[in-house]
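Contents: one structure, followed by commentary.
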Amino acid sequence: MSPRKPNMESSIYFGADGWWHGRVTMGVKSDGSPDRRHRRAKTEPEIKRKVKELERLRDQGRAPAAGRKPTVAAWMETYLTDIASLKLKPRSLDDYWSKTRNDIIPGVGKHRIDKLQPEHLERMYRAMLDAGHAPSHVVKVHRILSRALKIAHRRRIVGENVATLVDPPSIDETEANPFTKAEAKAFLEAASKRPTFMRWIVGVGMGFRQGETLGLRWSYVDLEAELFRPEWQLQRLTWRHGCDDPHACGARLHRFEPCPPDCTTHKGYKRGCPKPCAKTCTRHASACPERKEGGLVFTRPKTKKSRNAVPIPPVFIPFLHDHRAQQEEMRAAAGELWQEHDVVFSRPDGRPLDPRADYEEFKELLKEAGIDDRRLYDGSRHTAGTILNELGVDMPTIMEILRHTQISQTRRYVKGRSHLSKDAMRRMGEFFVPAPSAPTPGPTETRTETADTRAARARRRRRVR
């Protein structure tokens with residue numbers, strides 16, 4: 001009878017099945033029972049290598065937790081439901097869910113999380129690029145998956161975060177295209193003919209984000225101190241099921257087959273026909289009788305810096321007083337139909353402006369002002385930062401006005417102008433190579449005859465002597 005093995009010592013033996021087996025004691029499980037891991041191989045050197053590798057991970061405290069590892073799809077659902085939802089803002093969480101459903105699960109969702117290899121991610125990214133996705137979209141997917149695997153590695157579900165071994169596609173930063181001074185004046189002149197004129201004054205003239213502008217409330221506007229306090233923003237969030245069985249709740253809306261090529265049901269959809277539902281689809285929450293946490297809601301800005309007070313230009317104050325008086329007239333005209341939300345910019349019935357309608361109005365104003373198409377961000381925050389820079393405002397002050405946390409972020413919002421660069425280089429050239437001075441005038445030739453004769457000049461010389 002062989003002596004008993006010491007505690008934590010591994011055992012290797014050749015089994016009757018023709019395989020070499022190794023047993024490694026890793027500690028104890030959560031229920032207090034011994035945690036013994038099993039490895040097998042065809043040859044003795046190979047099983048010794050596997051056992052030593054497992055012992056090394058155990059001694060370094062990096063051994064994966066016991067139990068069967070989940071698939072990538074199962075882990076992503078756990079990560080988004082129980083972990084990320086505690087930290088992320090609602091809009092960010094919606095974006096994580098969207099990219100998980102549409103990209104990560106179809107791409108690598110069936111792989112076990114501990115069997116995921118860098119090659120799997122690289123093939124998925126390549127397929128996404130070939131399908132027409134922008135490199136920036138692929139990079140976002142990579143970051144979401146990398147964060148989920150980082151948590152799995154931290155909890156010893158996997159031995160390594162394979163996403164750190166993959167280089168995502170390179171992306172070119174989108175170049176800002178702000179209004180020039182002339183374009184900004186033309187845009188506001190076109191907006192002055194609409195009831196929403198003050199909304200665009202605040203957006204273009206003060207660089208507020210769309211959500212901050214539409215979510216601005218009178219309670220946080222101090223006209224005496226001339227300050228705006230953007231404590232809230234207006235966002236459209238995705239509805240969530242409030243029922244116990246989301247799959248059964250949306251049964252009448254499930255579509256498991258793709259639409260035909262000549263589909264007329266979704267003819268008006270800007271993004272084309274929606275994708276078919278998964279077999280376990282839990283979407284269609286907007287039709288749930290007990291839906292919650294969706295629609296237009298007021299949320300806090302993403303960072304504390306975004307809630308800093310912003311000075312109102314004194315010239316805007318009379319316009320704001322007029323705007324408030326017009327809103328009081330709308331309240332009186334609406335009567336009982338008025339819905340009080342205390343927003344600065346409202347519809348005729350008191351409800352906040354719809355961000356989608358606001359975006360469409362921005363595009364209409366571009367056409368009316370004769371300005372080429374551009375993003376809403378270009379016409380608001382980028383424009384405000386660039387014009388402030390042209391007016392000679394220093395970068396730290398622009399950072400405070402735009403409420404950025406880092407000055408490097410502010411520099412991305414400020415675009416240089418070619419005429420300013422040309423003037424700056426002209427002054428630089430004059431500093432190093434001064435302009436040539438005007439030539440000293442030399443003797444000039446007299447072309448007019450004097451009235452004196454030679455004899456008269458001789459007599460004057462004699463008198464001087």
Side-chain angles (χ1 to χ4, degrees), residues 86-93 95 173-174 176 178-179 184 188 196-237 296-321 323-324 327 341-346 352-353 355 358-359 362 375-415:
L86 302 177
K87 184 177 181 180
L88 294 178
K89 295 288 185 179
R91 282 287 292 272
S92 299
L93 185 61
D95 185 52
E173 186 174 345
T174 303
F179 293 155
L188 293 178
T196 55
F197 173 56
M198 277 309 302
R199 178 265 177 271
W200 299 111
I201 281 284
V202 173
V204 177
M206 300 184 64
F208 273 44
R209 302 175 180 91
Q210 184 193 39
E212 294 170 345
T213 307
L214 302 185
L216 195 62
R217 296 179 176 181
W218 286 113
S219 305
Y220 302 100
V221 178
D222 190 343
L223 296 179
E224 297 296 329
E226 300 180 352
L227 290 175
F228 274 147
R229 293 186 176 87
E231 295 284 344
W232 295 92
Q233 60 182 351
L234 186 70
Q235 289 186 325
R236 186 185 298 279
L237 304 182
L296 289 178
V297 298
F298 290 98
T299 63
R300 289 289 189 181
K302 192 171 183 179
T303 63
K304 185 177 180 181
K305 184 83 171 181
S306 299
R307 294 157 57 182
N308 286 359
V310 180
I312 305 174
V315 71
F316 289 0
I317 300 298
F319 291 100
L320 284 169
H321 281 295
H323 175 75
R324 193 166 195 173
Q327 195 176 61
H341 291 279
D342 194 35
V343 289
V344 177
F345 308 110
S346 65
L353 296 176
D358 181 75
Y359 177 80
F362 174 75
R375 303 175 304 169
L376 180 56
Y377 241 52
D378 289 336
S380 55
R381 291 180 70 73
H382 287 292
T383 294
T386 301
I387 292 181
L388 284 170
N389 184 53
E390 291 180 6
L391 295 176
V393 181
D394 58 271
M395 201 63 65
T397 304
I398 299 176
M399 181 182 73
E400 289 299 318
I401 293 174
L402 298 181
R403 290 158 290 125
H404 290 151
T405 55
Q406 296 179 348
I407 200 166
S408 58
Q409 186 180 8
T410 306
R411 291 193 177 98
R412 292 199 298 269
Y413 275 68
V414 176
K415 182 178 180 181

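Here the side chains of F228 and L216 are in contact, with some heavy-atom distance below 4.5 Å. At a threshold of 4.5 Å between non-hydrogen side-chain atoms, the residues H321 and P318 do not count as touching. The shortest side-chain heavy-atom distance between L188 and W200 falls under the 4.5 Å cut-off. Between Q210 and R199 there is a side-chain heavy-atom pair separated by less than 4.5 Å. Counting only heavy atoms from C-beta outward, the side chains of W218 and R324 approach each other to under 4.5 Å. At a threshold of 4.5 Å between non-hydrogen side-chain atoms, the residues V343 and F298 count as touching. Side-chain contact between L214 and P355 is present, with heavy atoms from C-beta onward closer than 4.5 Å. Looking at heavy atoms from C-beta onward, R217 lies out of side-chain contact with E231 at the 4.5 angstrom threshold.
Partners of F345 by ring pair (Phe, Tyr, Trp, His ring centres under 6.0 Å), not counting sequence neighbours, listed by chain and number: H323. Taking the side-chain hydrogen bond (donor to acceptor under 3.5 Å, both in side chains) definition, one finds that R209 meets it with E212, Y377, sequence neighbours left out. Residues passing the ring pair (Phe, Tyr, Trp, His ring centres under 6.0 Å) test with H341, sequence neighbours excluded: none. Applying the side-chain hydrogen bond (donor to acceptor under 3.5 Å, both in side chains) criterion to D95, with sequence neighbours excluded, gives K99. For R236, the salt bridge (charged side-chain N to carboxylate O under 4.0 Å, His left out) test picks out D354, with sequence neighbours left out. Legend: residues meeting side-chain hydrogen bond (donor to acceptor under 3.5 Å, both in side chains) with E400, ordered by chain and number and at least two apart, are K305.
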message: Run L296 and Q235 through side chain to side chain contact (heavy atoms under 4.5 Å, CB included) and show every step you take.
response: CA-CA 6 Å; L296 289 178; Q235 289 186 325; over 6 Å; no
query: Would I317 and L223 count as a side chain to side chain contact (heavy atoms under 4.5 Å, CB included) if you check the C-alpha gap in whole Å, the side-chain angles of each, and the deciding distance to 0.1 Å?
result: CA-CA 7 Å; I317 300 298; L223 296 179; 4.3 Å; yes
- request: Please step through side chain to side chain contact (heavy atoms under 4.5 Å, CB included) for the pair L237 and R91, ending with a clear verdict.
  value: CA-CA 6 Å; L237 304 182; R91 282 287 292 272; 3.6 Å; yes
- request: Give the intermediate values and the outcome of side chain to side chain contact (heavy atoms under 4.5 Å, CB included) for residues F208 and L402.
  value: CA-CA 7 Å; F208 273 44; L402 298 181; over 6 Å; no
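Between I387 and A184, the shortest heavy-atom distance links the atoms CD1-CB, 4.1 Å. Closest non-hydrogen pair, R403 versus N308, comes out as CD-O, 3.4 Å. When all heavy atoms of D378 and A176 are compared, the closest pair comes out as OD1-CA, 3.8 Å. Minimum heavy-atom separation, M206 to I312: CE-CA, 4.0 Å. Nearest heavy atoms, L353 versus L234: O-CD2, 3.4 Å.
Not one N or O on the side chain of R229 forms a donor-acceptor pair closer than 3.5 Å with the backbone of Y220. Remark: side-chain polar atoms of Q409 are not paired, donor with acceptor, to backbone N or O of M399 under 3.5 angstrom. Using modelled atom types, one side-chain atom of S380 and one backbone atom of L376 make a donor-acceptor pair closer than 3.5 Å. At distances below 3.5 Å, not a single donor-acceptor pair connects side-chain atoms of E226 with backbone N or O atoms of P313. Remark: the backbone N or O of S219 is paired with a side-chain donor or acceptor of D342 at under 3.5 angstrom. Looking at R307, its side chain never comes within 3.5 Å of a backbone N or O of P301 through a donor-acceptor pair.
Side chains of R381 and H404: a donor on one and an acceptor on the other come within 3.5 Å. T386 and T383 share no side-chain donor-acceptor pair at under 3.5 Å.
Note: I398 CD1 to I407 CD1 = 8.5 Å, rounded to the nearest 0.5 Å.
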